[in-house]
Amino acid sequence: MGGAVSAGEDNDELIDNLKEAHYIRSELVERAFRAIDRVDYYLEEYRDSAYKDLAWRHGNLHLSAPCIYSEVMEALDLQPGLSFLNLGSGTGYLSTMVGLILGPFGVNHGVELHADVVDYAYEKLDHFIKASDSFDKFEFCEPTFVVGNCLEIPPESRQYDRVYCGAGVQKEYENYMKNLLKVGGILVLPLEEKLTKITRTGQSSWETKKIIAVTFAPLVQPKQNVNGRPRSVPLPIFEVRTLQDLSRIAIRHTLRQPIAMGEGRLKRRVSFPGARAMHRYGPRFERRRFCRRFYRQCVSSMVLHDSMIPTAMDDCNYPGGVEEEEEEVEEEEERGCRRVREDLTEEDEEGCGTEEEKTKSGCARAEPPVNILREKILRLPLPEPLKMYLLYYREK
């Protein structure tokens with residue numbers, strides 16, 4: 001199944017094609033797809049076909065076509081903090097993308113029939129955590145996989161907010177799958193050769209929606225019971241995070257905040273009473289003073305044309321009670337600072353000559369570090385083992 005979109009040269013081009021064909025429709029799903037390179041889940045000798053919209057199988061290893069995974073991710077309507085169960089979790093590609101959306105306080109479990117595939121999934125998960133720069137851009141819910149037949153899960157097992165089955169479900173097992181779902185939860189599965197979305201609206205009420213036609217290998221039937229006793233596949237335990245783990249999550253979250261908010265001016269919203277009044281003498285006041293001081297230093301170090309000097313700088317006195325006027329003046333100051341910085345940069349570049357000369361003289365701009373979170377952690381005044389713990393012992 002697949003071939004709905006044209007092949008891409010790389011992972012980003014594949015995602016662009018899926019967006020253009022409206023298989024990927026939400027920003028959350030797009031970010032998850034771009035964060036994980038599909039080629040990483042292929043065996044080395046088959047990587048030439050990784051960016052084609054086709055399913056791939058080798059022995060017990062299997063990946064569905066990208067257009068199918070796109071529809072599944074959109075239909076699951078994932079949100080941070082939910083619990084997810086992947087039946088037939090395979091290489092872990094889908095579970096890892098889901099984990100990027102669930103965040104550190106979600107639950108991410110998978111059941112896979114073949115032990116060698118579970119080993120492969122953990123190997124790929126470990127590589128993603130330790131070697132991919134995308135890992136540091138998200139708060140991740142690490143998946144846990146168990147070996148077993150998903151049709152042998154005990155009926156008294158805990159239910160989940162979201163469930164996906166990656167094999168064709170026979171009609172007689174539809175209710176079995178529904179019982180794995182909480183009220184308000186969503187189940188996505190191939191049912192009667194249609195990718196189907198089932199929403200549990202009550203204890204015994206359901207809404208069903210057919211999405212697209214698909215062809216999946218059917219679920220493997222459970223083997224005969226041993227000694228008359230039914231086989232049982234226990235699901236992973238819902239583990240409570242340790243205080244040490246929670247501390248790591250909190251520190252990384254704090255260091256990541258400025259990165260997530262972009263390179264523009266950092267705006268901190270405070271919700272406690274009196275926050276707006278406090279801004280006038282708190283962080284905003286400090287930032288205004290710094291910008292004004294930097295601007296004066298710039299003016300004193302070079303001759304500026306009259307048109308380059310912001311009129312707002314002629315008067316450094318700010319009204320004491322009107323917050324909107326303060327913001328206007330502050331923005332004009334920052335625009336003035338920016339213009340001075342740009343002019344200084346342009347003059348520096350003009351003085352360096354050609355690109356070749358810039359490189360020789362050291363005037364060429366150094367490339368910023370790719371992984372800003374990593375750089376911040378490495379600069380912290382902490383023992384090396386603690387830094388490595390915060391970095392999840394990353395290799396890069």
Side-chain angles (χ1 to χ4, degrees), residues 1-59 61-76 78 86 89-101 117 120-121 123-138 140 143 164 166 195 211-216 259-260 262-263 355 359 364-374 394-396:
M1 178 66 196
V5 302
S6 57
E9 292 294 323
D10 55 25
N11 196 64
D12 280 328
E13 191 171 325
L14 173 63
I15 307 313
D16 291 340
N17 294 338
L18 291 168
K19 279 189 67 182
E20 188 176 344
H22 300 290
Y23 285 102
I24 293 179
R25 299 177 289 276
S26 65
E27 185 182 344
L28 271 178
V29 171
E30 180 187 351
R31 288 185 67 218
F33 267 86
R34 291 194 189 279
I36 299 177
D37 199 326
R38 182 175 167 89
V39 76
D40 291 339
Y41 289 79
Y42 277 67
L43 293 172
E44 192 70 38
E45 59 269 31
Y46 297 98
R47 291 190 169 191
D48 290 344
S49 60
Y51 303 123
K52 296 177 181 177
D53 187 28
L54 297 171
W56 171 70
R57 181 181 290 279
H58 178 77
L61 299 176
H62 175 261
L63 281 168
S64 294
C67 67
I68 301 299
Y69 282 134
S70 305
E71 288 289 1
V72 170
M73 290 280 285
E74 293 287 357
L76 284 170
L78 297 162
N86 189 354
S89 50
T91 63
Y93 174 64
L94 178 66
S95 292
T96 304
M97 286 195 293
V98 168
L100 297 176
I101 298 176
V117 179
Y120 186 86
E123 179 187 326
K124 295 302 177 183
L125 175 63
D126 189 58
H127 179 267
F128 171 70
I129 292 174
K130 290 186 176 178
S132 172
D133 285 323
S134 294
F135 177 77
D136 286 330
K137 298 175 184 176
F138 292 82
F140 186 50
Y164 170 66
L195 189 65
I211 303 173
I212 54 173
V214 292
T215 303
F216 275 71
I259 305 168
E263 295 179 357
E355 288 295 326
T359 308
R365 289 185 183 178
E367 288 293 324
V370 175
N371 193 328
I372 302 173
L373 179 61
R374 177 182 173 83
R394 291 171 58 74
E395 295 167 356
K396 291 185 74 176

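Just so you know, these numbers use all the heavy atoms, side chains as well, and skip hydrogens, waters and symmetry mates.
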Checklist line | Salt-bridge contact E27-K19 (side-chain N to carboxylate O under 4.0 Å) | finding: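 Result for this pair is no, no salt bridge flagged.
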Note to self: Less than 4.0 angstrom from a charged side-chain N to a carboxylate O is my criterion; do K137 and D133 meet it?
What the structure shows: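 No, K137 and D133 are not salt-bridged.
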Next item on the list: Under the ring-ring contact (aromatic ring centres under 6.0 Å, His included) rule, collect the residues that match up with F33, sequence neighbours excluded.
Entry: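 Result, ring-ring contact (aromatic ring centres under 6.0 Å, His included) vs F33: none returned.
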Next item on the list: Answer whether the closest heavy-atom distance between the side chains of D37 and Y51 falls below 4.5 Å.
Entry: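 Yes; the side chains approach each other to less than 4.5 Å.
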Next item on the list: Taking the side chain as every heavy atom from C-beta outward, state whether P66 and L14 have any pair of such atoms under 4.5 Å apart.
Entry: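 In short, these two side chains touch, coming nearer than 4.5 Å.
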To the nearest 0.5 Å, what is the distance between [atom1] ([X]) and [atom2] ([Y])?
| X | Y | atom1 | atom2 | answer |
| --- | --- | --- | --- | --- |
| I36 | T96 | CD1 | OG1 | 5.0 Å |
| T91 | E123 | OG1 | CD | 11.5 Å |
| S70 | M73 | OG | CE | 8.5 Å |

Notebook entry, point to check: Does atom CD of E20 have more than 12 heavy-atom neighbours, drawn from other residues, nucleotides or ligands, at distances under 6.0 Å?
Noted result: no
Checklist line | More than 12 heavy atoms from other groups under 6.0 Å of CD on E9 | finding: no
Just by distance, do the side chain of [X] and the backbone of [Y] share a donor-acceptor pair under 3.5 Å?
| X | Y | value |
| --- | --- | --- |
| R25 | E71 | no |
| Y93 | R38 | no |
| Y42 | D48 | no |

Next item on the list: Name all residues meeting the side chain to side chain donor-acceptor pair (under 3.5 Å) criterion together with E74; count only those two or more places apart in sequence or in a different chain, and write none if there are none.
Entry: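 Scan of E74 (side chain to side chain donor-acceptor pair (under 3.5 Å), adjacent residues dropped) gives S26.
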